[in-house]
Amino acid sequence: RLLLEARLGTLGAQLRAIVENSPNALYLKDLEGRHLWMSPGYERRSGRPVGSFIGKTVREVFPPEMAAIMEENDRRVIETRAPVTAEEEVPEHDGLRTYLTAKFPVLDADGAPIAVGGLSTDITEIKEAERRLRQSEERFTRYFQVSPFPAAITAAFTPTCPQPSL
């Protein structure tokens with residue numbers, strides 16, 4: 001029994017370290033959409049104290065159009081009793097951020113949903129890099145379409161470095 005308690009204590013400390021140090025926003029909402037719990041990562045990311053969210057719905061803390069999307073994702077989780085992954089945009093202290101959000105049902109012993117859990121990862125920089133890449137590809141394509149000079153790409157070039165002989 002003491003060994004089991006020690007292992008549970010270690011596991012609890014490990015999980016606490018993950019939750020407290022993760023840059024991701026972790027949270028739990030009741031079936032009416034009220035925030036029950038939020039990780040420190042949520043506070044660090046949003047720039048607002050967790051207490052400003054607890055007990056409130058997304059409609060109380062986010063613009064209506066964004067809240068509607070979040071509520072729809074929560075509803076899908078509750079109805080299907082299955083995880084849902086979606087991109088959600090959220091206004092924050094440093095501007096609009098895009099999150100890849102995984103939401104999942106928290107079920108009781110009988111399999112009935114009692115809450116919605118979520119983990120949101122900020123992918124704003126990735127989305128911006130994708131946008132810049134698309135712009136670069138469009139410029140590249142336009143150049144070849146309007147250039148008065150003939151041009152062709154015949155093969156991919158992979159540079160190699162000669163290995164020194166020993």
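Being a predicted model, the structure only gives us computed values, none of them experimental.
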Enter the distance from [X]:[atom1] to [Y]:[atom2] here, rounded to the nearest 0.5 Å.
X    : Y    : atom1 : atom2 : result
K56  : F62  : NZ    : CZ    : 11.0 Å
I78  : K29  : CD1   : NZ    : 9.0 Å
E128 : I123 : CD    : CD1   : 12.5 Å
E79  : D74  : CD    : CG    : 11.5 Å
R48  : Y42  : CZ    : OH    : 7.5 Å
S52  : M38  : OG    : CE    : 7.5 Å

Nearest heavy-atom pair of [X] and [Y]: which atoms, and what distance?
X    : Y    : answer
T98  : T124 : N-OG1, 2.8 Å
P63  : P91  : CD-CG, 3.6 Å
R44  : N21  : NH2-C, 3.8 Å
G117 : L28  : CA-CD1, 3.9 Å

Check E92, E88, E125 against R97 for a salt bridge (Lys or Arg N to Asp or Glu O under 4.0 Å) and give me the one that passes.
->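 Checked E92, E88, E125 against R97; only one passes salt bridge (Lys or Arg N to Asp or Glu O under 4.0 Å): E125.
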Go through the structure and list residues passing salt bridge (charged side-chain N to carboxylate O under 4.0 Å, His left out) with R34, not counting sequence neighbours.
->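 Scan of R34 (salt bridge (charged side-chain N to carboxylate O under 4.0 Å, His left out), adjacent residues dropped) gives D30, E32.
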Are any non-hydrogen side-chain atoms of [X] and [Y] less than 4.5 angstrom apart?
X    : Y    : answer
L31  : P113 : yes
K103 : R76  : no
S22  : S39  : no
Y99  : N24  : no

Joint hydrophobic cluster, [X] plus [Y], side-chain heavy atoms closer than 4.5 Å:
X    : Y   : value
L107 : V84 : no
I69  : V61 : no
Y27  : M66 : no
I114 : L26 : yes
V50  : V90 : yes

T141 side chain to E137 main-chain N or O, any donor-acceptor pair under 3.5 Å?
->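 Between the backbone of E137 and the side chain of T141 there is a qualifying donor-acceptor contact (under 3.5 Å).
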Lys/Arg-Asp/Glu bridge criterion (N-O < 4.0 Å) met for K127, E89 |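 The answer is no: the pair does not qualify as a salt bridge.
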Under 3.5 Å side-chain donor-acceptor pair for Q135 and R131 =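 Yes - a donor-acceptor pair under 3.5 Å links their side chains.
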